[in-house]
There are 2 protein chains.
Amino acid sequence: MQELFQNFQIRVNDKLYIKDPESSELGKRIVENSILLMDEIGFESFTFKKLSDKINSTEASVYRYFENKHKLLIYLTSWYWAWIDYQVVLHTYSISNAEKKLETIISIVSQTIQADDSFTHIDEGRLFNIMINEYSKSFLTKEVDDDNKDGFFAIYKRVITRLKEAILAVRPEYPFPASLASTVVESALHQHFLKKHFHTITDCNESVEPSEFCKNLVLQTLNVTSQ
Amino acid sequence: MQELFQNFQIRVNDKLYIKDPESSELGKRIVENSILLMDEIGFESFTFKKLSDKINSTEASVYRYFENKHKLLIYLTSWYWAWIDYQVVLHTYSISNAEKKLETIISIVSQTIQADDSFTHIDEGRLFNIMINEYSKSFLTKEVDDDNKDGFFAIYKRVITRLKEAILAVRPEYPFPASLASTVVESALHQHFLKKHFHTITDCNESVEPSEFCKNLVLQTLNVTSQ
DNA sequence: CAAATATAATAGTAATACTATCTTAAATAA
DNA sequence: TTATTTAAGATAGTATTACTATTATATTTG
């Protein structure tokens, strides 16, 4: 349970920022509005100039918090994974049945996230859109190995590891638990994207959620018959 | 079989370029070297200036072939999918057994590609690296819907549809054939990436290929016992 | 009240992502 | 053969991006 409370206030790797945005009003406005702006115009068009105009501040002030927009993206996506990790621990720690636990984790990592006002300045719904559209860009770079060494993807890997362990708890002899876990997490976001933009290559739509597919995929793969 | 021969000389949507790069020596050098340079320095650092320096030409000349580097990326990735589509048709048209056919398609879309000198100026091995590291960036943009309307992703969708049909041939009652097909194709590239950069969240390594996992995933999901 | 700190305001730079124009060289058509 | 089209090289220029640096002002804290 200790892991849970360490993460409870959504703590992110402190090398991701120059000055902790949670430590000031301006910092919170930067995070809050960067989510809105990035969702609105996309990561490529997003600049610190546009953001600072939006919040009536200056480029130089934003640069005092984040080195560049790539670090900001990793900050935001790490925040998301920390939040998911928290949800996973919260909703599964009392579940003793391995299959039920696995299903719960899959639900959490693949469900559509709507806004939630538990964490005031962060709009989880809009952040979820960023996850769908921009998450891959945080690691598909020439700097991945350095970033990874700095621990920027630690929380993401922890979420996947939890899923992997839940898979193993159900089927200890399954030979690809890590690959299945990483596939499901990636695929969940991808199916959400396809639903919006490439409906011919997905079965997800208004009535079929990506999480339905994801659950079915894992349970069939592990040969769990109790569906 | 007609589809096959239409695609035999790897034809790509002609809105992707201003002047067909296959129509001139310079055009071929642009394509050839853009693959090498993009693999080397990554899509973000890649510029038409650097490319034109590499081929001893000028920025303006490169712009006569491609509108911008994003169109070039879609051109390269479309070329890849057309090539994969060709491989799929070539290696499956004589297979009558549905399960054998499905396994063959999965192998083709998930195997590690090495250089092949059948198409002189294109290094498929290097292009495969680009697919692993940059493919998602071709559609994770605010312009996806416009690009999709222009048919830029048609060949990619055709490959996925072929896989979907092969899935349905094996198990017509399976409820998520399109999602499974798109997941496998995406996951294959992703597992190759993880193998290189995040080995803790994949089971793929020097001895276990992503295609092994992909085949197992689909066959288990469809409950094909003859493994 | 003094000192430290945060932020705003402003300026400046190199690189990027283009567009435009002009010249030369080569291919082709009359 | 000459005229004409076309391709490509050479050069220049612009707005935007991704920063860095400096100074001034306002606020907090000791």
Side-chain angles (χ1 to χ4, degrees), chain A residues 14-34 37-38 40-76 121 134 137-138 140-143 146-147, chain B residues 14-34 37-38 40-76 121 134 137-138 140-143 146-147:
Chain A
D14 63 11
K15 279 189 188 171
L16 284 170
Y17 47 77
I18 295 166
K19 182 186 160 137
D20 186 359
E22 288 301 311
S23 71
S24 75
E25 265 317 301
L26 181 63
K28 284 176 195 162
R29 275 199 297 145
I30 288 172
V31 169
E32 179 185 0
N33 288 280
S34 65
L37 186 60
M38 206 180 281
E40 202 183 313
I41 65 175
F43 183 68
E44 281 72 29
S45 298
F46 177 94
T47 67
F48 280 180
K49 182 74 180 61
K50 289 175 189 166
L51 174 62
S52 54
D53 285 350
K54 190 182 172 82
I55 61 176
N56 293 314
S57 181
T58 62
E59 235 184 315
S61 296
V62 176
Y63 273 105
R64 256 177 236 115
Y65 286 84
F66 293 99
E67 221 177 300
N68 53 52
K69 69 170 175 174
H70 189 248
K71 288 264 168 74
L72 171 59
L73 177 63
I74 305 183
Y75 177 91
L76 296 177
H121 64 294
E134 324 289 0
K137 299 170 194 170
S138 73
L140 293 178
T141 67
K142 283 283 163 184
E143 297 81 35
D146 291 334
D147 289 353
Chain B
D14 62 12
K15 279 188 187 171
L16 284 170
Y17 47 77
I18 297 167
K19 183 186 158 137
D20 185 359
E22 288 300 312
S23 71
S24 76
E25 265 316 300
L26 180 64
K28 284 177 196 163
R29 273 198 299 145
I30 288 172
V31 168
E32 179 185 0
N33 288 281
S34 65
L37 185 60
M38 206 179 282
E40 202 183 314
I41 66 175
F43 184 68
E44 282 71 30
S45 298
F46 177 94
T47 67
F48 280 180
K49 182 74 180 61
K50 289 174 189 166
L51 175 61
S52 55
D53 284 349
K54 191 182 171 80
I55 61 175
N56 293 313
S57 180
T58 62
E59 235 183 315
S61 296
V62 176
Y63 274 104
R64 261 178 226 117
Y65 285 84
F66 293 100
E67 222 177 301
N68 52 54
K69 69 171 176 173
H70 189 249
K71 287 264 169 73
L72 171 59
L73 177 63
I74 305 181
Y75 177 90
L76 296 177
H121 63 294
E134 324 289 359
K137 298 170 193 169
S138 74
L140 293 178
T141 67
K142 284 283 163 183
E143 297 81 36
D146 291 334
D147 289 353

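None of the values given here were measured: they were computed from a predicted structure. Values reported hereafter were calculated over all heavy atoms of this structure, with side chains retained and with hydrogens, waters and symmetry mates removed.
One finds no side-chain N or O of B:Tyr63 lying less than 4.0 angstrom from the OP1 or OP2 phosphate oxygen of C:dA20.
Of the residues in residues 41-55 of chain B, none has a non-hydrogen atom less than 4.0 angstrom from any atom of DNA chain D.
Checking side-chain atoms of A:Lys137 against main-chain N and O of A:Phe43 turns up no donor-acceptor pair under 3.5 Å. Of the possible donor and acceptor atoms, one in the side chain of A:Lys50 sits under 3.5 Å from a partner among the backbone N and O of A:Ser45.
With the nearest nucleotide of DNA chain C identified for both A:Arg64 and A:Glu59, A:Arg64 has the one nearer the 5' end.
Between the side chains of A:His121 and A:Glu22, at least one donor-acceptor pair of N or O atoms lies under 3.5 Å.
Within 4.0 Å (heavy atoms only), A:Glu25 reaches no atom of the nucleic acid at all. At the heavy-atom level, B:Phe66 lies nowhere under 4.0 Å from the strands shown.
Side-chain proximity of B:Ala60 to C:dA8, C:dA20, C:dT7: nearest is C:dA20.
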Mind running side-chain hydrogen bond (donor to acceptor under 3.5 Å, both in side chains) on A:Tyr75 and A:Ser34 for me, showing each step along the way?
CA-CA 11 Å; A:Tyr75 177 91; A:Ser34 65; over 6 Å; no
Show your reasoning for whether side chain to side chain contact (heavy atoms under 4.5 Å, CB included) applies to B:Ile30 and B:Ile55.
CA-CA 7 Å; B:Ile30 288 172; B:Ile55 61 175; 3.8 Å; yes
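Electrostatic pairing of A:Glu44 and B:Lys142 does not count as a salt bridge here, judged by no charged N lying under 4.0 Å from a carboxylate O.
Nucleotides of DNA chain D with any atom under 4.0 Å from a heavy atom of chain A span, from 5' to 3', D:dT17 to D:dA21.
Here the CD1 atom belonging to A:Ile18 is positioned 10.0 Å from the CZ atom belonging to A:Arg64, to the nearest 0.5 angstrom.
The minimum heavy-atom distance between B:Leu26 and B:Ser57, with the atom names listed, is CD1-OG, 3.9 Å.
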